[in-house]
Amino acid sequence: MMLCWSFKMNLIWLVLLLFLYLGVFSFGSSNNVSSRPAVVNIGAIFTFDSTIGKVAKFAIEEAVKDVNSNFSVLHGTKLAVKMRNSNCSGFDGMVQALQFMETDIVAIIGPQSSVVAHIISHVANELQVPLLSFAATDPTLSSLQFPFFVRTTRSDLYQMSAVAQIVDHYGWKEVIAIFIDDDYGRNGMSALDDKLAERRCRISYKLGIPPGPGATRGDIMDLLVKVAQLESRVIVLHVNPDSGLTILSVARYLQMMGDGFVWIATDWLSSLLDSALPLPSETMDTLQGVLVLRQHTPDSDRKRTFFSKWNKLTGGSVGLHSYGLYAYDSVWLVAYALDAFFNQGGIISFSNDSRIKSVEKGGSLHLEAMSIFDDGPLLLKNVLQSTFLGLTGPIKFDSERSLVLPAYDIINVLGTGFRRIGYWCNYSGLSTVPPEMLYSKPPNRSSANQQLYSVIWPGETLSKPRGWVFPNNGKQLRIGVPLRVSYREFVSQVRGTDNMFKGFCIDVFTAAVNLLPYAVPYRFIPFGDGQKNPSYNELVYSIATGVLDAAVGDIAIVTNRTKIVDFTQPYAASGLVVVAPFKKLNSSAWAFLRPFTARMWVVTAASFLVIGIVVWILEHRINDEFRGPPKKQLITILWFSISTLFFAHRENTVSTLGRLVLIIWLFVVLIINSSYTASLTSILTVQHLSSPIKGIESLKNSDEPIGYQVGSFAEHYLSEELGISKSRLIALGSPQAYAQALQLGPKKAGGVAAVVDERPYVELFLSSQCKFRVVGQEFTKSGWGFAFPCDSPLAVDMSTALLQLSENGDLQRIYDKWLRQSSCTLESTELESDRLHLKSFWGLFLICGIACFIALFIYFLQILNKLRHADPTPCVSTSPGNSRSRRLRRFLSLIDEKKDHSNSGSKRKKIVRSLSDNDKDDKLGRNPEKKQTEFTNRSEINSNN
């Protein structure tokens with residue numbers, strides 16, 4: 001009975017628990033459903049009648065329809081969009097945004113204008129309403145300042161990166177920027193300036209166009225006339241469609257759409273082309289040859305289906321551009337974010353802001369109607385975390401809240417349409433392959449991989465425009481020319497004139513300019529006081545500061561100058577050399593000692609003696625020819641070492657170590673003997689010149705005064721690079737001063753031991769001064785070039801012209817005209833030491849020394865091993881000192897004693913062979929001591945037996 005009652009109670013509790021569970025579950029489910037309202041209000045702000053707005057209106061409406069018809073997105077909740085026209089006005093946009101805040105709007109699609117976005121982003125921040133802009137590309141609209149601003153299109157930061165890479169790809173260095181003078185235009189140009197600077201390019205001129213109807217056709221014409229007078233011919237156009245077409249129309253009227261010009265338009269023009277084609281033929285004629293960027297959207301079946309649907313929807317009245325696709329995807333982004341928002345328990349609720357109430361007191365603006373979206377941060381979070389595949393490709397935000405994988409199409413307007421010539425993507429730069437095919441490969445930004453198809457440029461030409469011309473404003477290039485007072489063959493001012501010059505450098509410059517495919521207006525400006533040679537560093541610095549536009553003359557290309565200016569290809573070889581007095585060397589009774597220096601003689605003699613000693617040590621124990629009385633052994637050492645010089649040594653080497661050392665030594669002797677013979681022959685048959693200065697090293701190590709030319713970079717090099725004290729340096733202003741200072745010598749006041757100058761000057765000096773010669777080698781390598789400002793395109797073209805002068809022989813003819821050498825120079829040769837130094841042979845001596853050391857080391861190891869195995873001498877008691885002395889005597893005796901051959905049979909065979917040889921010698925009458933030798937050898941045999 002109790003068991004039955006217990007069972008019934010358990011059953012009742014189980015039913016109650018099940019009822020409670022089902023009740024709670026059903027309650028929770030109904031609460032979740034009730035948190036999803038039937039309708040969610042979103043807003044849209046853009047300019048209805050603009051190129052972007054016309055397409056965006058259709059795209060947003062169609063996106064709302066598609067979302068509402070897809071139950072799997074919002075699970076029954078419908079989107080309701082309210083559109084407001086901002087008229088591209090910041091004030092209108094702010095008013096429309098404030099009106100939205102009175103109607104419980106949870107998100108706003110738009111605005112399209114960056115100016116409007118800057119204003120209403122402040123409202124969105126305060127009221128916590130996400131602002132999803134499909135067309136505001138201003139890169140300064142950052143998430144740090146505007147956390148509720150979400151850009152659902154590409155930032156102009158990427159578009160300007162593409163423009164900068166196109167400019168760099170074609171080798172242009174300067175561009176002219178024409179932009180709309182508002183936040184969109186100014187900030188876009190700022191980004192372009194930064195991206196060009198990364199590639200060592202720059203904006204040479206910025207031209208702002210007033211926004212709206214403020215700029216008339218006449219105003220634009222006045223501005224473009226200024227542009228036509230500038231140097232650069234590459235023009236970047238970052239404006240809106242209305243003003244952009246007017247600018248291009250005026251440019252065509254001014255013949256600025258012809259050959260030589262480059263026009264690069266940002267995506268405002270591609271939006272116009274995509275939405276309004278076909279344009280009137282007159283408009284298309286204006287656009288011929290223009291390069292245009294367009295936001296890249298990958299091809300897909302869904303995109304093609306939507307394009308077909310679009311044509312039916314609009315009836316062909318307006319085309320679909322990339323901004324329309326981004327507007328469509330923005331609506332879907334809000335839908336997916338709202339679905340995640342509701343799944344996370346988000347509730348659409350609004351509350352009043354106490355700050356607004358305090359401001360409203362006493363006013364009639366009715367600001368109290370605006371409310372804060374309580375769960376706005378949660379919706380914003382879900383917007384940024386949403387990921388899906390839209391019409392524009394993958395929709396996903398990176399850590400900087402920008403859409404991933406930015407890319408652009410590069411199109412070329414031609415005929416009645418346009419042609420795509422390539423792509424740009426932030427992943428791998430320029431390519432002719434769609435970016436989505438490159439994402440699976442490692443990024444490759446090498447210059448060889450940056451490719452585009454051919455372009456038909458303005459003027460219907462396939463030849464790449466040079467990108468610049470000389471400004472057509474009557475202004476001539478100011479070219480500085482040094483006023484030299486010495487070596488006037490290089491540069492000199494024509495007497496009686498102010499800006500006419502002649503000389504080798506001037507003729508080279510004018511010949512190069514004549515080879516350029518365009519005219520170069522210029523005038524020479526004298527640089528210097530005419531009393532002494534000017535400072536060439538100051539001349540180059542005048543270019544860097546803008547005082548001069550270029551410099552022509554004997555300007556050496558050195559490191560510190562290349563940091564501030566650009567040089568052309570060198571047109572003359574140059575380098576520092578040392579000039580010193582000389583005297584002729586005649587043959588004498590001691591001429592045979594001149595091939596070697598004193599150190600070489602000492603080392604060679606010591607080496608002969610060392611080799612003799614080493615061979616004696618290695619042969620003494622086993623070779624009878626190296627044994628005998630001390631006097632005989634000393635004579636044997638000296639004779640053997642000296643006779644190796646002539647390969648006439650009679651002593652045979654028996655030991656393997658001795659033969660090894662001798663072979664290496666004979667090789668060394670062969671080299672030394674051959675070198676000595678060649679040098680001595682040269683000394684005795686060729687006339688030689690001698691100077692106490694052997695080159696820059698001997699000059700540097702001395703303390704004698706050194707001369708240099710006034711204005712030359714030699715002073716800086718000697719003092720800063722070589723560390724020579726400036727007190728030793730004496731400035732000389734003319735060839736006559738060179739000769740006088742060298743003749744006085746270092747011991748007299750005003751004299752110098754040598755002069756350091758550039759080779760072209762020295763060659764000209766030596767052509768008339770036969771008492772001096774170049775000593776040593778040229779110790780710097782440089783050249784002369786013409787100087788231009790950094791990144792000057794004229795420097796590149798002049799370098800090409802100089803190479804043409806060199807190839808066709810004109811450069812040599814100009815050189816012969818001004819710098820033809822006299823017979824004195826032709827007879828001269830550079831002074832160099834003809835003596836053989838130890839540094840030329842130290843490798844041979846080192847090899848020989850190592851061989852001797854190894855041989856002696858092995859030999860003494862053998863002796864020590866024999867000493868260790870020798871029977872100890874019995875003794876009663878010995879002190880440590882006596883033991884060491886005894887072992888030393890034993891060691892020396894082992895070295896001195898003749899080696900005892902343990903194999904008596906082998907020794908007997910050698911002795912018998914020796915006796916046989918003696919018998920033969922006796923028969924021939926060549927061995928008078930036969931009997932004595934035979935007696936001695938037979939005694940040895942008996943003793944061994």
Side-chain angles (χ1 to χ4, degrees), residues 107-111 114 117-118 121-122 124-125 128-165 183-184 187-188 190-192 194-195 197-198 267 293 295-298 322-323 325-327 329-341 343-344 346 373 375-408 423-429 435-436 438-445:
I108 299 176
I109 307 297
S114 297
H118 272 281
S121 289
H122 293 284
N125 288 348
Q128 300 183 168
V129 176
L131 191 65
L132 286 73
S133 177
F134 58 87
T137 57
D138 180 359
T140 63
L141 287 166
S142 67
S143 59
L144 296 177
Q145 184 180 7
F146 307 114
F148 278 83
F149 175 83
V150 180
R151 194 194 320 270
T152 58
T153 186
R154 307 297 181 185
S155 168
D156 274 342
L157 185 67
Y158 299 112
Q159 182 168 211
M160 297 310 165
S161 295
V163 173
Q165 190 158 359
D183 292 335
Y184 159 75
N187 296 328
S190 178
L192 177 61
D194 293 340
K195 295 301 178 180
E198 292 176 2
D267 58 5
L293 279 87
Q295 297 189 57
H296 175 72
T297 55
S322 58
Y323 286 111
L325 295 175
Y326 280 113
D329 283 347
S330 298
V331 175
W332 279 88
L333 177 60
V334 173
Y336 283 118
L338 282 171
D339 182 55
F341 172 80
N343 289 336
Q344 295 171 10
F373 181 20
D375 278 347
L378 180 60
L379 179 59
L380 175 64
K381 177 183 176 183
N382 285 287
V383 167
L384 297 175
Q385 292 179 349
S386 296
T387 301
F388 66 97
L389 187 62
L391 295 181
T392 59
I395 301 296
K396 182 181 179 181
F397 294 94
D398 58 20
S399 59
E400 297 180 355
R401 297 174 58 169
S402 297
L403 290 177
V404 298
L405 306 178
Y408 285 84
Y423 305 88
W424 176 92
C425 66
N426 197 42
Y427 184 73
S428 58
E436 49 271 17
L438 301 175
Y439 295 140
S440 60
K441 303 176 183 178
N444 186 353
R445 285 187 167 271

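Since the model is a prediction, treat every value here as computed from it, not as a measurement.
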Worksheet item: Roughly how far, to the nearest 0.5 Å, is CG of Leu380 from CD of Gln128?
Response: 9.5 Å
Discussion item. Please report the interatomic distance NZ(Lys396) to CG(Leu384), rounded to the nearest 0.5 Å.
Written reply: 13.0 Å
Worksheet item: Is there a donor-acceptor pair closer than 3.5 Å between any side-chain N or O of Arg401 and the backbone N or O of Phe149?
Response: yes
Worksheet item: Is Arg151 reaching over with its side chain to a backbone N or O of Asp138, donor-acceptor style, under 3.5 angstrom?
Response: yes
Response to the item:
Interatomic distance, NE2@His122 vs CZ@Phe146, rounded to 0.5 Å, equals 4.0 Å
Worksheet item: Parallel, tilted or perpendicular: which fits the ring planes of Tyr158 and Trp424, with parallel below 30° and perpendicular above 60°?
Response: tilted
Worksheet item: Where do Leu389 and Gly393 come nearest, in terms of heavy atoms and distance?
Response: CD1-C, 3.6 Å
Practice prompt. Give the minimum heavy-atom separation between Ala191 and Pro139, together with the two atoms involved.
Written response: CB-CG, 4.2 Å
Worksheet item: Ser330 and Thr152: side-chain donor and acceptor closer than 3.5 Å?
Response: yes
Worksheet entry | Rounded distance [0.5 Å steps], CZ in Arg154 versus OG in Ser402 | 9.0 Å
Worksheet entry | Gap between atom CG of Leu405 and atom CD of Glu436 - 0.5 Å precision | 9.5 Å
Practice prompt. Output the distance between atom CG (Leu438) and atom SG (Cys425), rounded to the nearest 0.5 Å.
Written response: 5.5 Å
Worksheet item: Hey, does the side chain of Asp329 reach the backbone of Leu391 with a donor-acceptor pair shorter than 3.5 angstrom?
Response: yes
Worksheet item: Do you know which two heavy atoms are closest between Gly390 and Ile395, and how far apart they sit?
Response: N-CG1, 4.2 Å
Discussion item. With a 4.5 Å cut-off on side-chain heavy atoms, are Gln145 and Thr140 touching?
Written reply: no
Worksheet entry | Polar side chain donor-acceptor pair, Thr137 to Gln159, under 3.5 angstrom | no
Worksheet item: Of Asp339, Val383, Leu132, which meets side-chain contact (heavy atoms from CB on, under 4.5 Å) against Val334?
Response: Leu132
Worksheet item: Between Tyr184 and Asp156, do the side chains contain an N or O donor and an N or O acceptor separated by less than 3.5 Å?
Response: no
Worksheet item: Does Asn382 reach the main-chain N or O of Leu378 with its side chain, forming a donor-acceptor pair under 3.5 Å?
Response: yes
Fill in: Heavy-atom closest contact (Leu141 atom, Ala117 atom, distance)
CD1-CB, 3.9 Å
Discussion item. Please find the pair of heavy atoms, one from Asn426 and one from Arg445, that lie closest to each other, and give the distance.
Written reply: O-NH2, 2.7 Å
Worksheet item: Do you know the tightest heavy-atom contact between Ser386 and Leu333?
Response: CB-CD1, 3.5 Å
Discussion item. Whether the side chain of Ser133 engages the backbone of Pro111 through a donor-acceptor N/O pair (distance < 3.5 Å, no angle test) should be reported.
Written reply: yes
Worksheet item: With side chains defined as the heavy atoms from C-beta onward, is the minimum distance between Val404 and Phe397 less than 4.5 Å?
Response: no
Practice prompt. Measure from the side-chain N and O atoms of Asn125 to the backbone N and O of Phe148, and report whether any donor-acceptor pair falls under 3.5 Å.
Written response: yes
